[in-house]
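Inspection log for the structure reproduced underneath, given as structure tokens.
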Amino acid sequence: MLKTENLRAGYSGDDAVRGISIEVAEGSCVALVGANGAGKSTLVKALCGLIEPRGGKVLFGGKNIVGLPASEIARRGISLCPEGRHLFSPLTVEENLLLGAYPRLPSFGPFRRTASGDLRHIYEMFPRLAERRFQQAGSLSGGEQQMLALGRMLMARPRLMILDEPSMGLAPILVKEIFKTISSLRATGMTILLSEQFAKSALLVSDRAYIIERGSVVLEGTSASLAKNPAVMEAYLG
Amino acid sequence: MFAGISLGLRENTVERIVRTAIFIGLAALPALWQGQYALGLLTLMAVYGVLLIGLDTTVGYLGQINLAQAALFALGAYGTALAIGAGASLPLALAAGIAGALLPGAALALPALRLEGPQFALSTLSFATLSIIVLNECESVTNGALGLSISRPLLFSLPLDATSFYWLCLALLFVAWEASKTLFRSRFGLAIEALRDSPTATDALGIGALRHKVLAFAWGSALAGLAGGLHTMNFGYLQPAAFGYDLMVMLLLGVVFGGRRSQWGAFLGAAVIAMLPNLLSNRTLFSFLVSFGCVLTVVPPIRALLSHKVPLFRQAAPAIAMTLAVTLVFFIPNVEEWRKGIFALFLFAVVVGFPNGIAGAVTATLRQFIHFTPLPILPATGGISSSKKTEGIALRLSDLCKSFGGMRAVDNVTLDIGQGETLGLIGPNGSGKTTLVNLISGLYTPDSGSVEIAGKRPVCGSLMSAFSAGAARTFQNLQPFHGLTALESILVCQQGGGESEAMGWLLAVGLEGKARIRCSGMSYGDLRFLEIARALSTRPRLLMLDEPAAGMSKPDIARLIELIGSIKRAGVPILLIEHHQNVVAELCDRVAVMDGGRLIALGTPNQIRRDPKVIEAYLGADDTERDNMEARQC
Amino acid sequence: MNLDFLALAQMAVSGGLMGMAYALVAYGFQLTHAAGKAVNFGQGELVMLGAFTGLSLSGCGLPYWAAVTGAMIAGALLGWFVERTAVRLALQQHNEGWVLLTIIVGLFWFSAAENIWGREDKPFPVPWPESALDFFGISVTWQELAVAAGALGMMTLIELARRYTMIGIAVQAVSADQDAAELCGIRSRTAISLSWAVSGIAAAFAGTIIGPVTTVGPTMAAALTLKAFSVAVVAGLGSSFGLLLVGVALGASENISGFLLGSGWREAPALILLIVGLALRPQGLFGKKIIRKV
Amino acid sequence: MKAYRSILAVLLATTFSTSAMAANVVKIAITGPFSGGSAPMGVSMRDGAKLAIAGINQNGGINVGGKRMKIEIVERDDEGKNDRGALVAQEISSMGDISAVIGTVNTGVALTGDKYYVEKGIVKIITPAAGSASMTQWSNAGTRNLPIFRFAAYDGIQARMVVEQAIKMGCLRVAILHDATNYGVSGRDDLLRQINNQGGRVKVVTVEKFAIGDKDMTAQLLKAKAAGAQAILIWGIGPELAAVASGKQKLGFRVPMIGGWTLSMSNFIDTAGAAGNGVLMPQTFIEDESIARAKPFIQAYHKAYGVTRIPSPVSAAQGYDAALLLAEAIHEAGSTNPSGIRESLENLKVAVKGCIADWKKPWSKWDPSKVETHEAFRRENTVMGKVQNGHVVLANPADKIVLQGKMLNK
């Protein structure tokens with residue numbers, strides 16, 4: 001479904017992503033694992049069009065999407081839950097969720113009614129959000145914010161979900177909860193690309209994984225095999 | 001593309017030669033281009049030159065939109081006029097003009113320069129309006145709206161005719177130019193340059209933003225006062241209404257048009273705003289200029305078309321504007337009525353076409369064609385040495401807390417760093433490490449708890465205070481001074497000491513070969529080393545390195561380890577945030593681990609490596625521990 | 001004493017009602033600042049062009065409301081044009097050029113208006129009577145009421161659209177976090193252009209409601225823009241309620257200080273307060289504190 | 001490239017054509033604000049003068065020493081700004097071939113710029129700027145052989161008429177309102193001087209100021225009302241005057257409003273609407289086609305510029321007559337030499353039939369102690385006008401004879 005070929009990207013200065021080729025098959029969950037600063041976030045941003053790649057290709061459903069604006073890529077079905085969540089903090093929880101479904105909703109008129117089915121679905125999944133639906137997103141706690149970010153992404157009914165460091169900045173107990181949600185999503189047959197610094201958890205929920213170090217893929221394979229590979233551990237602590 | 005010509009001269013020397021030649025030419029011009037009008041224009045240009053060099057200190061060097069310059073100009077003009085009315089001699093009258101602008105300018109600068117962007121613009125605008133109101137209303141002093149008429153006083157009992165007055169203005173312009181240039185080449189100027197690029201970094205490195213800004217503003221005001229004095233003597237009649245919004249906008253346009261952060265730019269801008277609106281009254285010249293401008297602007301889009309690209313709107317916009325201007329010039333019966341509109345189109349084309357102004361565009365072109373001899377590099381002295389060793393504790397944090405919104409970013413952290421100790425701070429992304437450094441260095445004010453650096457308690461939330469206590473830091477997201485060279489970046493940070501000492505610091509981090517390269521052109525890894533050199537040059541009592549190895553290549557990391565090792569050997573206590581475990585393992589005496597804002601472990605690198613809590617924090621939870629989670633959901 | 005008190009009340013009421021017009025133009029600043037961190041320094045020219053368009057349309061025999069609608073459409077186009085030609089270019093070049101480009105575009109509008117509509121001030125005909133109403137000794141003209149009601153109505157309308165239509169919420173999302181909005185499939189450029197168009201509508205509408213008071217001429221809005229800019233910055237470029245409050249307070253304070261100190265000084269106290277106030281609270285009275293990140 | 005070459009050709013052609021013709025033309029400069037706030041006056045003045053000049057050129061030009069010379073106009077927009085005005089004056093005075101200058105609306109511009117004409121001895125006719133200072137500066141300096149003439153009812157005359165009118169209407173307690181510009185403040189001073197001349201008969205109860213752009217005059221009017229003013233004497237321009245008139249109406253403050261000639265401009269009359277009725281001002285010209293003398297000019301102006309009303313009729317008429325007077329002076333001088341023109345302006349032999357009056361020797365030899373020597377208008381050829389239903393009419397119908405009249409003998 002998604003395929004990159006020798007993708008290069010970066011901000012000012014050197015490339016942070018130095019020629020990465022990955023593949024995500026329909027219905028699978030693929031993890032990008034690597035330490036902070038390995039280039040995972042840059043890769044993910046390049047996939048979604050938030051930064052323009054310096055070289056290489058991104059094929060989504062067989063079409064090259066390099067150079068399209070992020071909003072266009074989002075409309076084609078790639079949904080990113082960005083690192084640091086990036087909620088619309090002055091807006092309410094419900095508005096945040098509605099915005100997730102923005103391309104489908106009427107600009108004027110009864111948008112809430114149009115989206116009510118999806119909203120109900122999200123609120124069932126995250127009851128905490130239903131309780132706080134009219135609260136400002138910025139006033140939520142870290143875990144709730146992450147749930148909202150996930151919820152917002154689900155509202156888009158994406159073909160491919162990309163989660164960038166969903167565990168970042170959360171207490172361990174909340175991290176567990178997030179991973180539980182991810183694995184339940186995966187169970188519904190959603191295609192997921194997960195970028196994660198916590199190798200163990202990431203390898204547990206994914207089918208395949210790529211270990212990234214300094215902008216390049218250093219290891220790839222099924223998650224089960226990688227989990228047993230001592231080199232993975234090495235990539236972190238050594 | 002071009003080999004370029006090598007002149008065998010330094011850029012600075014060439015600039016000075018060209019400038020002197022131009023001034024001599026300008027001084028001789030009245031002999032060739034005769035008439036009162038020519039003199040009037042040239043004098044106005046010289047006066048505006050002084051004024052715009054002053055305005056450029058805020059608009060260019062400080063990077064703030066200053067709308068008070070026209071009012072300061074007015075205050076200077078009135079100062080001079082009143083002094084002349086009281087019988088002052090010419091130099092004294094000019095001094096009165098300078099004082100007339102400088103004092104209110106400094107009074108404005110103190111509150112206004114704490115602000116930025118629209119807020120700064122608005123407070124200067126308010127000041128400007130207020131000044132005009134005062135000039136208008138204090139009729140007993142300023143004669144209000146009726147205006148003041150004065151005649152030009154004698155210069156040392158010599159009467160000044162129009163030509164000699166022009167020479168006087170020209171001479172003062174030269175002095176103002178040279179003085180500004182010298183000022184902005186000095187450490188003061190470097191500091192101004194640095195604080196525009198990153199006020200956070202300048203404050204954290206003890207350069208001090210506000211002090212420098214106020215001084216720069218005061219200098220700009222003094223020049224406005226001088227220009228005002230000259231203006232009074234030039235026209236001999238003053239009216240408050242002449243210094244309103246229109247003049248302000250015109251001055252601002254002049255600076256941008258000419259090119260910011262350059263005396264050349266201010267001079268060219270002055271020439272344009274003094275001459276162009278007046279010269280454009282001449283229809284022939286007008287048509288010629290506009291047509292010529294039009295031809296110039298169609299070059300980029302045609303070039304784009306020739307290389308089979310659709311020209312960008314940015315490239316095409318100036319051409320569209322100029323074509324419209326040409327259409328107006330040749331098809332409107334009364335051009336004089338459309339003068340302002342055509343002038344606007346002209347300006348639009350220049351501002352879009354040359355975002356760095358005329359001076360910026362010309363300099364860039366010249367640098368392409370001409371190779372100047374680079375400045376010499378002095379031998380290095382000094383370097384990392386163990387100069388400051390005190391007993392006791394380098395850093396003590398007690399019960400430090402900070403939350404943002406609902407998130408506790410730092411939660412009850414208590415930590416000590418001993419003298420000469422290197423403490424590693426690790427933890428997953430978002431665990432609060434950088435927030436902790438921001439609290440120590442005074443960028444954030446803690447919600448509760450206290451920070452003690454080398455025995456002193458800095459004022460909470462003040463970068464400068466933490467710096468004076470001895471803390472110096474680098475930044476996770478680089479805060480380089482883009483406009484400065486590597487050498488200048490060090491010079492501006494070090495407290496005294498000359499170029500050779502600065503070279504010593506560069507040598508210590510291995511950047512001695514890149515001393516004359518601008519930060520904007522340096523690689524990421526080099527900038528990381530430069531930030532360390534910057535922090536070192538302040539001779540800190542506590543060095544905080546925030547992810548120094550992030551984004552570095554393997555050989556660079558090896559160099560970094562060596563560098564931090566030598567700093568450590570010199571006895572400087574270090575707080576090191578790092579993800580690369582090998583860096584931490586090799587350098588740190590102790591390691592602290594943060595997770596979710598809390599300190600979860602503290603010990604030697606080996607202890608930490610084996611700590612199950614740490615391993616879990618890094619590798620993430622096991623799904624096996626369900627019970628925990630279910631307990632929470634109930 | 002009694003007369004003085006009544007006079008002060010009269011001043012405060014007239015000033016406050018006109019202050020609503022400041023708030024409306026300031027609202028235009030706020031809209032564009034929220035969307036793209038830029039404001040139009042040529043907003044006064046949009047106010048003026050809106051008024052002229054309205055005048056020309058009603059000169060063509062259109063009824064007042066149709067003329068106002070036409071002016072608003074023109075305002076939307078002009079606002080969009082300024083964003084497209086000037087602001088976006090400057091922001092692409094990453095400098096403060098947008099300030100100058102908006103001033104320059106304004107200068108061009110000014111010259112164009114002088115040549116198209118002439119240089120004199122013209123009256124703007126209105127459907128309401130010229131007489132005044134009397135409330136407990138304070139007289140209020142229909143015109144003043146119309147300005148206040150118009151400003152309030154326009155702001156309410158835009159604010160409702162911002163809060164209760166999907167497109168309005170999307171524009172707010174773009175102001176809050178442009179990248180995140182893009183990720184939701186919102187075309188942020190379009191949203192920003194839309195904000196500028198709405199800001200142009202507010203400006204043009206302001207032109208048509210103050211036109212009858214100020215008369216319509218090329219220089220009609222110069223003073224108004226500066227005051228509106230002050231209102232926007234003092235209120236904090238983030239709160240529409242704050243704008244109204246500050247606008248009314250500024251209008252009233254000007255009139256009262258003009259009455260007490262002499263009319264030449266009418267703006268002085270507000271200006272001093274403004275400098276001091278900003279020094280103490282840079283983010284504005286109703287603004288949120290900005291956290292520096294490194 | 002081709003386009004560029006053709007543009008170049010046009011440029012060259014214009015350069016050569018102007019220099020080739022230069023010998024056979026009289027060059028006259030017209031300066032004033034043609035853009036910005038005072039543009040209505042500047043443009044009307046310019047267009048009036050151009051109308052006169054076009055008429056002269058149609059008849060073959062001026063007979064200068066037996067040679068028919070056409071008049072060429074150099075226009076310069078001073079934008080109403082002093083600095084720009086000074087530069088315009090410098091430019092014109094250094095052109096070398098300018099015979100005379102007509103113009104200036106803003107007194108400040110005259111104060112900054114006129115000295116350059118005086119230095120070069122270039123003749124300038126100031127119109128319609130009425131501020132006293134633009135002439136008194138020369139009498140104060142004791143300048144000899146002054147080449148500056150004024151063709152406007154200067155504020156001294158106007159102020160006197162305004163004060164006399166107030167007395168005539170029995171308003172002995174007056175409030176003075178004026179704008180914060182040079183024009184308004186000097187008008188205020190003239191009014192105070194004239195009131196002083198009346199020897200304590202009239203009492204000024206309050207003096208209030210307003211800024212350009214002020215639309216709410218409640219404060220000033222409330223103060224005037226509280227002080228018991230019986231009339232408002234006002235000096236200002238255009239929309240602010242209208243704001244005062246509407247403010248008066250709003251507060252129910254029904255006292256006469258009398259002020260300078262600018263109250264006759266359309267930007268006051270149209271804006272004030274019904275509130276403007278009854279407002280009085282001195283006039284030198286009224287756009288009224290029933291006045292036989294004015295009719296041809298009014299019709300010609302309307303036709304030439306495609307308008308149904310002149311933006312500032314007084315400025316236009318004064319510009320027209322000033323140009324006629326100048327042409328006659330050049331003819332009588334028999335040369336385009338400025339000093340000759342100055343002398344013949346001071347001793348005009350033939351009465352010039354203008355649209356305001358028949359001008360018979362309007363000026364005389366400059367005497368620094370008497371500004372009247374270079375002032376064309378007298379109390380006698382200025383009338384009181386009144387706003388009535390959107391038009392200016394004569395306040396005193398008997399004055400019609402003044403506007404019709406063939407007077408002005410010295």
Side-chain angles (χ1 to χ4, degrees), chain B residues 34-41 43-44 47 132-133 136-137 139 143-149 151 162 231 234-244 246-247 250 274-275 277-279 281-288 290-292 294-295 298 326 329-330 334-341, chain D residues 1 3-4 7-8 10-12 14-15 18 34-36 39 43 46 74-77 79-96 106-113 115-116 119-120 131 133 137 140-141 178-186 188-189 209 211-212:
Chain B
Q34 276 168 351
Q36 211 157 25
Y37 183 45
L39 266 182
L41 286 178
T43 313
L44 190 66
V47 173
I132 302 303
I133 291 177
N136 234 330
E137 292 306 307
E139 282 188 28
N143 206 21
L146 290 178
L148 275 182
S149 285
S151 49
H231 184 78
N234 184 19
F235 286 124
Y237 176 71
L238 284 180
Q239 232 187 325
F243 301 95
D246 282 357
L247 179 65
M250 197 51 99
M275 305 262 188
N278 295 300
L279 289 182
S281 303
N282 183 332
R283 172 124 194 210
T284 318
L285 187 67
F286 191 107
S287 329
F288 178 76
V290 174
S291 320
F292 182 68
C294 184
V295 172
V298 294
V326 167
V329 168
F330 285 95
N334 197 344
V335 177
E336 187 74 357
E337 302 203 326
W338 274 93
R339 210 162 50 86
K340 262 188 189 163
Chain D
M1 205 58 223
Y4 185 62
I7 290 169
L8 201 70
V10 171
L11 291 178
L12 288 174
T14 44
T15 331
T18 45
F34 307 145
S35 60
V43 171
R46 178 193 68 191
V74 174
E75 275 178 49
R76 287 294 179 265
D77 179 6
E79 299 171 30
K81 291 179 190 154
N82 300 345
D83 304 2
R84 172 91 182 116
L87 284 162
V88 165
Q90 288 176 342
E91 183 187 5
I92 291 171
S93 62
S94 43
M95 278 179 182
N106 313 74
T107 308
V109 171
L111 290 176
T112 355
K115 56 173 173 274
Y116 301 106
E119 273 173 30
K120 288 276 169 81
Q137 64 167 331
N140 294 342
H178 64 96
D179 74 22
T181 65
N182 190 317
Y183 176 71
V185 177
S186 85
R188 172 199 68 190
D189 291 350
K209 197 184 266 187
I212 294 295

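Lettering of chains follows the sequences in order, A, B, ..., and the numbering in each one begins at 1. Since this is a predicted model, take the numbers as computed values, not measurements.
Contact between D:G113 and D:A89 at its shortest, heavy atoms only, is O-CB, 3.3 Å. Heavy atoms only, all atoms of each residue included: B:C294 and B:V326 are closest at CB-CG2, 3.6 Å. Heavy atoms only, all atoms of each residue included: D:N182 and B:L146 are closest at ND2-O, 3.5 Å. Across all non-hydrogen atoms, the minimal contact from D:N106 to D:G80 is OD1-CA, 3.4 Å.
If you measure heavy-atom distances from D:T181 to chain B, the contacts under 4.5 Å come from the backbone alone. Using a 4.5 Å cut-off between heavy atoms, D:Q137 makes no contact with chain B at all. Contacts between D:D189 and chain B at a heavy-atom distance below 4.5 Å involve the side chain alone, from C-beta outward. Contacts between B:A242 and chain D at a heavy-atom distance below 4.5 Å involve the side chain alone, from C-beta outward. At a 4.5 Å heavy-atom cutoff, the contact between D:N82 and chain B is made by side-chain atoms alone. In this structure, chain D has a heavy atom under 4.5 Å from the side chain of B:L44, while its backbone stays farther away.
Between D:K81 and B:D246 there is a salt bridge, with a side-chain nitrogen of the basic residue lying less than 4.0 Å from a carboxylate oxygen of the acidic one.
Panel note: side chain B:Q239, backbone B:G147; no donor-acceptor pair is recorded below 3.5 Å.
The candidate from D:A39, D:G108, D:G96 with the greatest count of non-hydrogen atom pairs under 4.5 Å with chain B is D:G108. For the set D:E91, D:K209, D:K115, the count of heavy-atom pairs under 4.5 angstrom toward chain B peaks at D:E91. The most heavy-atom pairs under 4.5 Å with chain B, out of D:D83, D:T107, D:V185, come from D:D83.
Below 30°, between 30° and 60°, or above 60°: for B:F235 and B:H231 the angle between ring planes is above 60°, a perpendicular geometry.
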